[in-house]
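Below: the structure, in structure tokens.
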2 protein chains.
Amino acid sequence: MVSTSAFAEAATLVGDPARANMLVGLMDGRALTAKELAQAAGITPQTAGGHLARLTEGRLLAVEKQGRHRYHRIASTAVAHMLESIMAVAAGRGEIDRSPRQVVRVGPRDAALRRARTCYDHLAGWLAVQIADKLVAANYILLSSDGGALTAEGARFLSRLGVDLDEGMRDAGGRRGGRVFCRPCLDWSERRPHIAGFVGAAICRCCLARGWVRRLDGTRAVNVTRTGERVLAAELDLSIRR
Amino acid sequence: MVSTSAFAEAATLVGDPARANMLVGLMDGRALTAKELAQAAGITPQTAGGHLARLTEGRLLAVEKQGRHRYHRIASTAVAHMLESIMAVAAGRGEIDRSPRQVVRVGPRDAALRRARTCYDHLAGWLAVQIADKLVAANYILLSSDGGALTAEGARFLSRLGVDLDEGMRDAGGRRGGRVFCRPCLDWSERRPHIAGFVGAAICRCCLARGWVRRLDGTRAVNVTRTGERVLAAELDLSIRR
DNA sequence: GGCATGTTTCGGCGGGGGCCGAAGCATCAG
DNA sequence: CTGATGCTTCGGCCCCCGCCGAAACATGCC
């Protein structure tokens, strides 16, 4: 069986505050160096190095050597999914546990994150929830807590927008029997589902490729561009609040 | 935002070996007392009590007082989902990490668990994977890594067997637009998906209610009864290996 | 009331592990 | 070659937290 020790170890790796910060910082799917992650976690590079070695040995992260740099990234979608689900539970805790616990990081940066960000390979935050709502309302996508699917009209709609529903299909296994599934992902800032999985990744790729949203400096936050604003308004009747 | 500290705390709660053992022991959805959980984790009741208090305070567990007993259970499907996803990652680690690490609990009990068990509210193990395979092969259910759905024939088939696809529907939100979704769940012993979510829970309820499978003593393992064997053979062409 | 059982609280022990400074390798620039 | 940069290794400090024994509290049975 899966030893419960392996189970506990995986959780322990996530459970340390420094490591948690690094993992969260990698949730947008980018690959960062030890130094950058050390800064994100507020520790020295050598301490970060130790943590990263453990995370890599535990198969939560994968590294790519490039010259004298070592780029660390989330090892697999399974790990990303695990981190998402832990976030969902942590958010649920916060919902009830409003005791005067340590207030962590409330600032403009958080506002930007809540508004729109990437979550491993798909969009998240207020923007993503709005998009999901509009797509559901237009009957382009069906969503429930257990799963979701693209309708025929939805597939046509997304294709017309330029979303590539074939790319990486074999890897993602997002389609079988001619049907494109998509996974709902509970947004930790909105507490409502947005679109993840194969379809979510395709949408996110398209938005970035066409310049509708742009990554903000070096964070997970993204900004909607003027072009993106126009497209969202025209295609989804979605107005971006200023 | 969800403080990364809340995120790390949730993971820390799972990361302790004793707590992990207790949580795994509760994954079948039952409610157990502190003493029983202490035994499962191999610690004294007072230590277990401390752990359980922390797990409850962290909203991972919920307790129900009943006389002088306090019954502990997984607090929500979100928590169960989180534990599942951690298991999936831990199983992936084990796949590669075959070093002579401490071998934990290999015995007949594990064989029974690998064979068939409950996983919070649905079936898991070899049996569940077989059922999923047969349902997919018969085009009763569509599955992919991102999601799954019951086909019209599948709904008819399950209804005929006595699976109640309406019960708890409003809560589970398993249906919208007349479509019943189901969630794939990576089985940690088989490394292949079985059926979770709304449909998985409905199937499990039916199997237990009709006496096709029965819980084994006080564990998560289940046994297929003679009746169940006959039904599975007749309806799904599924033979239970002895 | 008296006793048994389940659970919590308290106190103290001990170990694992996170942290940093300093030094040692690797890689690249000049 | 020399220096700068990124990363790792080593050593030692220290604190957190898991653990148990003992005792107190709560509940139920006789």
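Protein chains get the first letters and strands the later ones, always in sequence-line order, with residue 1 at the start of each.
For B:T12, there are no side-chain hydrogen bond (donor to acceptor under 3.5 Å, both in side chains) partners, not counting sequence neighbours. Residues meeting the salt bridge (Lys or Arg N to Asp or Glu O under 4.0 Å) test with B:R192, sequence neighbours left out: B:D133. Listed by chain and residue number, nothing satisfies the salt bridge (Lys or Arg N to Asp or Glu O under 4.0 Å) test with A:R19 (two or more places apart in sequence, or in another chain). Every residue two or more places apart in sequence or in another chain was checked for a ring-ring contact (aromatic ring centres under 6.0 Å, His included) with A:H72, and none qualifies. Considering only residues two or more places apart in sequence or on other chains, B:H51 meets the ring-ring contact (aromatic ring centres under 6.0 Å, His included) condition with none of them. Not counting sequence neighbours, the partners of A:H81 by the ring-ring contact (aromatic ring centres under 6.0 Å, His included) test are B:H81. In terms of the salt bridge (Lys or Arg N to Asp or Glu O under 4.0 Å) criterion, residue partners of B:R73 (sequence neighbours excluded) are, by chain and number, B:E64. With sequence neighbours left out, the side-chain contact (heavy atoms from CB on, under 4.5 Å) criterion links A:A202 to A:V163, A:L165, A:R205.
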Under 3.5 Å, which protein N or O atoms sit close to an N or O of nucleotides 1-6 of chain D? Give each pair with its distance.
| residue | atom | partner | partner atom | Å |
| --- | --- | --- | --- | --- |
| D:dT5 | O2 | A:R68 | NH1 | 3.2 |
| D:dG6 | OP2 | A:K35 | NZ | 2.7 |

Pairwise N/O distances under 3.5 Å, protein to nucleotides 20-22 of chain D:
| residue | atom | partner | partner atom | Å |
| --- | --- | --- | --- | --- |
| D:dC20 | OP2 | B:T44 | N | 3.3 |
| D:dC20 | OP2 | B:T44 | OG1 | 3.1 |
| D:dC20 | OP2 | B:T47 | OG1 | 2.9 |
| D:dG21 | N7 | B:Q46 | NE2 | 2.7 |

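If you find the closest nucleotide of DNA chain C to B:H72 and to A:T12, the one lying nearer the 5' end belongs to B:H72.
One N or O on the side chain of B:T225 and one on the backbone of B:G211 form a donor-acceptor pair closer than 3.5 Å. Of the possible polar contacts, none joining the B:T56 side chain to the B:A62 backbone as a donor-acceptor pair under 3.5 Å is found. Although no hydrogens or angles enter the test, the distance criterion places no donor-acceptor pair under 3.5 Å between the side chain of A:T33 and the main chain of A:Y71. At least one donor-acceptor pair closer than 3.5 Å links the side chain of A:D146 to the backbone N or O of B:F198.
Remark: B:C185 SG to B:I195 CD1 distance equals 11.0 Å, nearest 0.5 Å.
Stem regions for DNA chain D, each three or more consecutive Watson-Crick or G-U pairs with both distances under 3.5 Å and listed by first number, read C:1-30 with D:1-30.
At the phosphate of D:dC19, OP1 or OP2 sits under 4.0 Å from a side-chain N or O atom of B:H51.
Bracketed by its first and final contacts, the part of DNA chain C lying under 4.0 Å from non-hydrogen atoms of chain B reaches from C:dA4 to C:dT9 in 5' to 3' order.
Going from atom CZ of A:R54 over to atom C1' of D:dT9 covers 16 Å, rounded to whole Å. Whole-Å rounding puts the A:L32 CG to D:dC7 P distance at 11 Å.
Among the heavy atoms of the strands, none lies under 4.0 Å from B:A53.
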